[in-house]
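Computed over heavy atoms, backbone and side chain alike; hydrogens, waters and symmetry mates excluded.
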Amino acid sequence: GDQALAAALRSQPSASARVLPLSFATSSSLIGTQAVVQAKCAAEAVKLMAAGCVVELLESWSLYLTILILASCGVLWVFRLNTALATYDPLFIIPLLQSQYILCATLSGGIYFQEFVKLTAVDVTFFILGIVTLLAGLLLMMPPAAAKAEAMGSAERTELSAVGGGSGGGSVVEVEKGSEKEPPGAA
């Protein structure tokens, strides 16, 4: 009994193997979601400009703040996506990031723009069912810790970038299981 439980626990990913990617994806998607909200605010500003409120909007600080937040959050979201791809298993982190992004964007848009007010009881039921299905699918996709550790060990590679002499050119040295490879273009 106890040995079977211990074996089952060892086959499960550690708590940090589950929590770290989830917390990284959630914090990243909150940034990306803010970009979505700001983009919708900017679209509303364009709609107001088309309706003839050009001067009022151009004189307002809120338009420029919206554009600044939109650009900042967009750049930070892309940076966090690249960091996630370099840090976690892409087969798991990409769906996790996208589903968190969809979930947070849906919730923030529904709250900020009061889109949930229009939902009927049936709509709310299916909305919750869809969110639960999304999260359940992510749990099924979570890779086991042992397979992840094995994949990380067999694909161990580090790239080192060094700036060459006074020419300002750089070279990339790949280290694979302790052996050095020649940089690309070296003879």
Would you be so kind as to tabulate the donor-acceptor pairs closer than 3.5 Å made by side chains of residues 30-49, with sequence neighbours excluded?
{"unit_1": "Thr33", "atom_1": "OG1", "unit_2": "Ser29", "atom_2": "O", "d": "2.6"}
{"unit_1": "Thr33", "atom_1": "OG1", "unit_2": "Ala105", "atom_2": "N", "d": "3.4"}
{"unit_1": "Lys40", "atom_1": "NZ", "unit_2": "Glu115", "atom_2": "OE2", "d": "2.5"}

Flag side-chain contact, heavy atom, 4.5 Å: Tyr88 against Leu96
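Tyr88 vs Leu96: side chains apart.
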Mind checking whether [X] and [Y] sit in one hydrophobic cluster, side chains of I, L, V, M, F, W, Y counted as touching below 4.5 Å?
| X | Y | value |
| --- | --- | --- |
| Leu57 | Trp61 | no |
| Val75 | Ile67 | no |
| Val78 | Leu97 | no |

Donor-acceptor pair, distance only, cut-off 3.5 Å: does the side chain of Tyr64 make one with the backbone of Leu58?
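Judged by distance alone, yes, a pair lies under 3.5 Å.
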Look at the side chain of Thr83 and the backbone N and O of Phe79, then say whether any donor-acceptor pair between them is shorter than 3.5 Å.
yes
How many angstroms lie between [atom1] in [X] and [atom2] in [Y], if you round to the nearest 0.5 Å?
| X | Y | atom1 | atom2 | result |
| --- | --- | --- | --- | --- |
| Ile93 | Thr87 | CD1 | OG1 | 8.5 Å |
| Ile94 | Ser99 | CD1 | OG | 12.0 Å |
| Leu81 | Leu76 | CG | CG | 10.0 Å |
| Phe127 | Phe116 | CZ | CZ | 4.0 Å |

Across all chains, not counting sequence neighbours, the side chain to side chain donor-acceptor pair (under 3.5 Å) partners of Thr120 are Asp123
Go through the structure and list residues passing side chain to side chain donor-acceptor pair (under 3.5 Å) with Ser27, not counting sequence neighbours.
Arg80
Residues two or more places apart in sequence or in another chain: which of them pass ring pair (Phe, Tyr, Trp, His ring centres under 6.0 Å) with Phe113?
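Partners of Phe113 by the ring pair (Phe, Tyr, Trp, His ring centres under 6.0 Å) criterion come out as none, since no residue qualifies.
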Checking Tyr112 now: which residues fulfil ring pair (Phe, Tyr, Trp, His ring centres under 6.0 Å) with it, not counting sequence neighbours?
none
CZ/Phe126: more than 12 non-hydrogen atoms of other groups inside 6.0 Å:
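Counting neighbours around CZ of Phe126, 12 or fewer heavy atoms of other residues, nucleotides or ligands fall under 6.0 Å, so no.
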Partners meeting side-chain contact (heavy atoms from CB on, under 4.5 Å) with Val124 (sequence neighbours left out)
Leu119, Ile128
